[in-house]
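Each chain gets a letter, A, B and so on, in the order its sequence line appears, and its residues count up from 1.
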2 protein chains.
Amino acid sequence: MSMAEFKGKVKNIQDTPFGYTLSVIGGKWKMVIIYLLAENQPVRFNDLKRQIGVITYKMLSSQLKELEADGMVKRTEYPQIPPKVEYSLTEKVESLLPVLEGLCEWGVKNQNKD
Amino acid sequence: MSMAEFKGKVKNIQDTPFGYTLSVIGGKWKMVIIYLLAENQPVRFNDLKRQIGVITYKMLSSQLKELEADGMVKRTEYPQIPPKVEYSLTEKVESLLPVLEGLCEWGVKNQNKD
DNA sequence: CTGTATCCTAGCCGATACTG
DNA sequence: CAGTATCGGCTAGGATACAG
């Protein structure tokens with residue numbers, strides 16, 4: 001067990017691989033958004049909102065913005081009326097998808113199993 | 001791509017596998033704690049604090065309590081003076097460790113790579 | 001050594017209304 | 001359709017002091 005190159009004392013959580021990964025996929029919605037994009041990309045804004053159900057426009061918007069800033073999501077705007085914007089995943093996320101799959105599977109197996 | 005059995009609209013984030021998994025390993029410290037326990041278990045309270053470095057007693061204590069409540073960590077108390085308490089991982093975490101390894105590796109590879 | 005008890009704060013997150 | 005703006009509650013997380 002090596003956990004990659006995460007070694008030594010923690011001075012700054014943000015500097016640990018875990019801290020970075022959590023900053024990118026943590027929070028209440030990002031994993032769900034990435035999952036849904038992976039299943040249906042490209043997806044339009046309101047489609048995404050409908051699929052998630054309980055999220056507010058504000059949260060969806062802000063989370064997508066952060067994911068885009070972190071290079072996880074690509075936003076494509078079609079200048080037409082009515083507006084159309086499509087979201088899809090970048091290559092950066094590709095290597096993360098199997099890991100997310102693992103998190104999801106672990107969640108399924110261990111939820112309500114205590 | 002199936003993402004296990006996570007399907008349909010989200011009514012309650014807590015009910016999604018991602019929501020559950022995040023509730024268990026999310027937050028600022030839990031992944032780091034699990035990682036350190038995996039590397040050195042069993043570990044005493046103050047050893048853990050020293051290894052993490054910047055965490056406060058309160059945070060370490062509360063995070064360990066939550067991990068214990070979630071069945072991730074086993075707490076063993078030795079009734080002696082001075083007190084001695086050892087923390088180790090439960091079997092429940094075993095299947096999660098490779099996934100955490102994946103998160104860590106992804107973090108190492110993608111941090112500072114934008 | 002192994003924690004608690006208090007107090008405090010930044011910011012996550014939500015509800016609602018509004019806009020090009 | 002695809003968002004912003006504004007207001008505010010709640011709570012995760014931190015500083016510090018105390019305790020068995």
Side-chain angles (χ1 to χ4, degrees), chain A residues 10-14 16 18-19 22-33 36-37 40-70 73-88, chain B residues 10-16 18-19 21-33 36-37 40-70 73-88:
Chain A
V10 176
K11 273 137 205 151
N12 227 320
I13 280 289
Q14 289 294 21
T16 70
F18 288 134
L22 266 188
S23 78
V24 168
I25 63 159
K28 200 167 173 180
W29 301 106
K30 288 180 179 173
M31 280 172 49
V32 173
I33 291 172
L36 289 171
L37 284 180
N40 312 300
Q41 64 181 323
V43 189
R44 299 183 60 172
F45 186 80
N46 265 315
D47 285 340
L48 209 42
K49 165 138 173 55
R50 264 186 295 276
Q51 287 172 41
I52 300 182
V54 292
I55 198 172
T56 63
Y57 287 113
K58 175 192 169 182
M59 284 314 296
L60 182 54
S61 177
S62 69
Q63 299 303 290
L64 282 170
K65 264 201 169 58
E66 289 183 22
L67 285 170
E68 193 190 357
D70 287 329
V73 157
K74 185 159 55 96
R75 199 188 100 110
T76 314
E77 197 172 341
Y78 298 89
Q80 54 189 40
I81 294 179
K84 172 179 172 183
V85 179
E86 283 183 344
Y87 292 91
S88 51
Chain B
V10 176
K11 272 137 205 153
N12 225 319
I13 281 288
Q14 289 293 18
D15 295 337
T16 70
F18 288 135
T21 304
L22 267 188
S23 79
V24 168
I25 64 160
K28 199 167 175 179
W29 301 105
K30 289 181 180 174
M31 279 171 49
V32 173
I33 290 172
L36 289 171
L37 283 180
N40 312 301
Q41 64 179 321
V43 191
R44 298 184 60 174
F45 186 81
N46 264 317
D47 286 339
L48 211 41
K49 165 137 175 54
R50 263 186 296 274
Q51 288 173 42
I52 301 183
V54 292
I55 199 173
T56 63
Y57 287 113
K58 175 193 170 183
M59 285 313 297
L60 181 54
S61 178
S62 68
Q63 300 302 292
L64 282 170
K65 262 201 172 57
E66 289 182 20
L67 285 170
E68 194 190 356
D70 286 328
V73 157
K74 185 159 55 97
R75 199 188 100 109
T76 313
E77 196 172 342
Y78 297 88
Q80 53 188 40
I81 294 180
K84 172 181 173 183
V85 178
E86 284 184 343
Y87 293 91
S88 51

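Using the six-membered ring where Trp is involved, B:F45 and B:Y87 have ring planes that are tilted, between 30° and 60° apart.
For B:Y87 and C:dG3, the shortest distance from a side-chain N or O to OP1 or OP2 is below 4.0 Å. Under 4.0 angstrom from either OP1 or OP2 of C:dC1 there lies no side-chain N or O belonging to B:R44. The phosphate of C:dC13 has neither OP1 nor OP2 within less than 4.0 Å of any side-chain N or O from A:T56.
Atom NZ of A:K28 and atom P of D:dC10 are 14 Å apart (whole Å). D:dG3 atom C1' lies 15 Å from atom CE of A:M59, rounded to whole Å. Distance CD (B:E68) to P (C:dG3): 9 Å, rounded to an integer number of Å. Atom CD1 of A:I52 is separated from atom P of C:dG14 by 11 Å (rounded to the nearest Å). Residue B:E66 contributes atom CD, which lies 15 Å from atom P of C:dG3 at whole-angstrom precision. Summarising the geometry, the separation between CD on B:Q63 and P on D:dT11 is reported as 16 Å, rounded to the nearest angstrom. Atom CZ in A:R50 sits about 13 Å away from atom P in D:dG3, given to the nearest Å. Going from atom NZ of B:K84 over to atom P of C:dG3 covers 13 Å, rounded to whole Å.
Proximity note for A:F45 (side chain, C-beta onward) versus D:dA2, D:dG13, D:dG20: the nearest is D:dA2. Listed candidates were C:dT2, D:dG3, D:dG13. Nearest to the side chain of B:N46 is C:dT2. Considering only the side chain of A:K58, C:dA15 comes nearest among C:dA15, C:dC1, D:dG3.
Side-chain contact between B:M59 and B:K28 is absent, with no heavy-atom pair separated by less than 4.5 Å. Put simply, the side chain of A:L48 does not reach to within 4.5 Å of the side chain of A:N40, judged on heavy atoms.
Nearest-nucleotide assignment on DNA chain C puts the 5′-proximal partner with B:S62, out of A:P83 and B:S62. Nearer the 5' end of DNA chain D, as judged by each residue's closest nucleotide, is the contact made by A:P82, out of A:S61 and A:P82. Each of A:V85 and B:Y57 has a nearest nucleotide on DNA chain D; the 5'-most of these lies closest to A:V85.
Within the nucleic acid shown, A:Y78 has no heavy atom closer than 4.0 Å to any nucleic acid atom. Counting any heavy atom pair closer than 4.0 Å across all strands shown, A:K49 reaches no nucleic acid atom.
Taking CD1 of A:I52 as the start and CH2 of A:W29 as the end, the distance is 6.5 Å to the nearest 0.5 Å.
One N or O on the side chain of A:S62 and one on the backbone of A:K58 form a donor-acceptor pair closer than 3.5 Å.
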